[in-house]
S.K.: 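Questions regarding the structure given below will be posed in turn.
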Amino acid sequence: MTDRKTLLIVTAHPDDETFGCGGALAHYASNGVKVYCACCTRGEAGVYEPENMKGHATVGDMRWYEMECAARTLSLAGIFHLGYRDSGMSGSEDNKNPHALINAPLEQVEGSIVKIIRDLRPQVIITSDPIGGYGHPDHIAVHKATVKAFDAAGDSRQYPEAGSPFAPQKLYYNVFPRRILKLTVTLMPLFGQDPRHLGKNKDIDLASVANVEFPTHASVKLSRNDRDIRDKATDCYASQLDNRPRRRSLLDFLQRLSKEDVDLFMRAYPPVAGKLREEDLFEGTDPLSGTSE
Ligand SMILES: [Zn+2]
C-alpha cells in the first residue's frame, strides 16, 4: 500500500494524451504524481507522410515510438497498449478490420481497462468526453468502456480474473474550451477552411462539435514549464503534425490569442450538482482509499 498519488488517462490513440491535456499531465508528473497512460490502439489508421516512417516497419510501430518520446518528455510513469487497432474515422475501410477497437465487444475493452485500474490503483482517471472530442468513433468507444470500467473496478463480483478490486475516486472527461472552438469555427473560413468538413475524409464537423456544451468543473493551471514540456511532447508527434500545418497553426494562434493556460475537465464522478470549479483533480481524494475489499 502506498500514499503516492496516481493518475491514469485512458485514450484511443498515441497523441490523444498530449494534444488533449498534455500540460496537465506534465503538471502532475512534475509534482510527484505517478501518471500513466493506457492507450487502446497504436494509431494504425493515422495519416502520415512516407518520410515519417524513418525505418519503422509499420505505422503502429512508428506512432508508438512517437508516443514513447512524448511519454519520456512528459515524465509519465508508464504507457500501456490495450491491444486493439485504430478504427479510423467513420466510414473508412479501417472500420471493417476485425481488430478495430469499435469491433471489440464493449465488455472486453471494459475488462482490459479494469485490469489496468486494479494493477495501477489510480485515485483519479481521465478519459474522452461523450462525443469523443470531435466525434472519432474510437474516442467514443474509449469513453464508454472507461465509464463502465470505472464503476466495475471496485466490485469484486465483476471481472474476478482481473485482479483485486480497487475503486478509483474521481473520473474526469478532458474537454476543449468551447470559447476557442467557437472562435476557430468563426475564423476558419478566413483561412480557406470549411469548419463543417475537416480532416482527410472531410467528415469532422467542428461547427457541430463547438455547439455541444460540456460543463467545466476543474481547471488545472499550467505553468510556463508545464506548457513548454507539453509543446516539446507535441513535437514528438511529427507524423501527426506534418499533414495539417495550417490547422495546427490556426489553433496555435487562437490558443495564444486566448491566453489559455489551463487544461479543462468535466467531472463525471463524484457527480456534480450545480456549479463547481476545482483547481486540482486530486482535491478531496484519500490516497489510501479504494483498497477496502
Ligand atoms: Zn485520437
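Excluded from the calculations below are hydrogen atoms, water molecules and symmetry mates; all remaining heavy atoms, backbone and side chain alike, are included. What you see is a predicted model; the values in this text were computed from it and never measured. Along the sequence shown, the residues carry numbers beginning at 1. Whatever order the structure lists them in is the order used to number ligands and atoms, beginning at 1.
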S.K.: Do Tyr28 and Asp280 have a side chain donor and acceptor closer than 3.5 Å?
M.R.: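 Yes.
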
S.K.: Are Tyr36 and Ile79 close enough that some pair of their side-chain heavy atoms sits under 4.5 Å apart?
M.R.: no

S.K.: We want to know whether Glu49 and Ser239 form a side-chain donor-acceptor pair, criterion being a heavy-atom distance below 3.5 angstrom.
M.R.: no

S.K.: Please determine whether His136 has a backbone or side-chain N, O or S atom lying under 2.8 Å from the Zn ion (ligand 1).
M.R.: no

S.K.: What N/O/S atom of Asp16 gets nearest to the Zn ion (ligand 1)?
M.R.: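 Atom name of the closest N, O or S in Asp16: OD1.
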
S.K.: Measuring from the Zn ion (ligand 1), name the closest N, O or S atom belonging to His13.
M.R.: ND1

S.K.: Before accepting this row, confirm whether a basic side-chain N of the pair Arg85/Asp94 lies closer than 4.0 Å to the acidic partner's carboxylate O.
M.R.: yes

